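Since the structure comes first, as structure tokens, the remarks are kept for the end.
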Number of protein chains: 2
Amino acid sequence: MSNIKALPLLEPEVPEGVAPCCPPLTERPLTAEEAERTAAMFKALGDPVRLRLFSLVASHEGGEACVCDISDVGVSQPTVSHHLKKLKEAGLLSSERRGTWVYYRVEPSVMAAMGQMLTAAAPAA
Amino acid sequence: MSNIKALPLLEPEVPEGVAPCCPPLTERPLTAEEAERTAAMFKALGDPVRLRLFSLVASHEGGEACVCDISDVGVSQPTVSHHLKKLKEAGLLSSERRGTWVYYRVEPSVMAAMGQMLTAAAPAA
DNA sequence: CGTCAACATAGACATTTATCTAAATAAGAG
DNA sequence: CTCTTATTTAGATAAATGTCTATGTTGACG
């Protein structure tokens, strides 16, 4: 009980730019507040149309796409806009207007944080 | 064009027991069918109560927990059962009855596959 | 200013979902 | 077989959600 404050190396698996969200799901039970915030992010990816839109943005050249590039997912244009807004509210996308077009891009740290809650958790068995 | 079949090393970042689900979200746009299947998994973790239950199972000693161990999340016991069923239908949990109790455990390959869709995707910017 | 194009907002509507209570099933103890 | 405990199923209900059409907003271009 002498080196409590000294060593911040206890979680070495987390890369640099990862948002400080929550521990891996296997580490300890999430609190109610943690679950509330984190579930909101997973929920944002829990709709097929939104997941496709997200994938379209994430895989687009330059890491960003304007709405006109990704509007072909089988729903009306206002519905696309609605889903993009939800992804933005969840913190997964950010948007910027440049002239006539609005460009969306992924928020890499948030995605990485979500991924680590799952991958850093796997080999607990 | 001579070693097409020889080298399965083209996706070296995917560990062994990972379920063959979908590519990283940054690799290419998901098809409608892929999005449908994958969104169902993310959706399962998109509810605060379910996420807590999942975390409780995942972090429990031995990688499994009986329902009686994890029923304290603020909702009624039938609601807990309902959510566990959903997690099971999504492929994230499996269950086994042993005597009086039913034990739930995480499906590591599915979790890893979900994690990789996010983490293998991050540094595309 | 007027018009067109890209995108967002508002409101309506049908479906899904999370939750509860009540009842059913499963298994061990006496 | 009966009683008790653990868990699931059934049915009801209020709230959330995804989608649409119609309309508003913003910026570029004559």
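All heavy atoms count here, side chains included; hydrogens, waters and symmetry mates do not. As the structure is a prediction and not an experimental result, all values here were calculated from the model. To find a chain, count down the sequence lines: A is the first, B the second, and so on, and within it residues start at 1.
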Should [X] be listed as having a side-chain N or O under 4.0 Å from OP1 or OP2 of [N]?
X        : N      : answer
B:Ser81  : D:dT8  : yes
B:Lys43  : C:dT16 : no
B:Thr100 : C:dG28 : no
B:His82  : D:dA10 : no
B:Thr79  : C:dC20 : yes
B:Arg97  : D:dT8  : no
B:Ser76  : C:dC20 : yes
A:Lys85  : C:dT9  : yes
A:Tyr104 : C:dA8  : yes
B:Arg98  : C:dA27 : no

**OP:** Remember a base hit wins even if backbone is also touched, and classify A:Lys86 as base, sugar-phosphate or nothing at under 4.0 Å, heavy atoms.
**Re:** sugar-phosphate
**OP:** With heavy atoms under 4.0 Å as the rule, sort A:Val80 into base, sugar-phosphate or nothing.
**Re:** nothing
Original post:
Between C:dC7, D:dT8, D:dG18, which nucleotide gets closest to the side-chain atoms of A:Val102?
Top reply: C:dC7
**OP:** May I ask you to say whether A:Glu64 pairs ionically with A:Arg98, meaning some side-chain N is under 4.0 Å from a carboxylate O?
**Re:**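 Here A:Glu64 pairs with A:Arg98 in a salt bridge, since their nearest N and O are under 4.0 Å apart.
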Subject >> Note: A:Glu34-A:Arg28 ion pair, threshold 4.0 Å (strictly below) >> reply: yes
Can you check the [X] [atom1] to [N] [atom2] distance for me, whole Å?
X        : N      : atom1 : atom2 : value
B:Glu96  : D:dT8  : CD    : C1'   : 17 Å
B:Trp101 : C:dT25 : CH2   : P     : 23 Å
A:Asp69  : C:dA6  : CG    : C1'   : 12 Å
B:Glu89  : C:dA18 : CD    : P     : 12 Å
A:Ile70  : C:dA6  : CD1   : P     : 14 Å
A:His83  : D:dT17 : NE2   : C1'   : 9 Å
A:Leu84  : C:dT9  : CG    : C1'   : 14 Å
B:Lys88  : D:dT9  : NZ    : P     : 8 Å

Subject >> Under 3.5 Å side-chain donor-acceptor pair for B:Lys88 and B:Ser95 >> reply: yes
Subject >> Given DNA chain D, 5'-ward residue of the pair A:Val75 and A:Gly99, judged by closest heavy atom >> reply: A:Val75
Original post:
What distance do B:Ile70 atom CD1 and B:Leu84 atom CG have between them, rounded to the nearest 0.5 Å?
Top reply: 4.5 Å
Original post:
Hey, does the side chain of A:Ser71 reach the backbone of A:Val67 with a donor-acceptor pair shorter than 3.5 angstrom?
Top reply: yes
Original post:
Within the side chain of B:Thr26, is there an N or O that forms a donor-acceptor pair under 3.5 Å with the backbone of A:Ser55?
Top reply: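 No, the answer is negative, given that no donor and acceptor are paired below the 3.5 Å cut-off.
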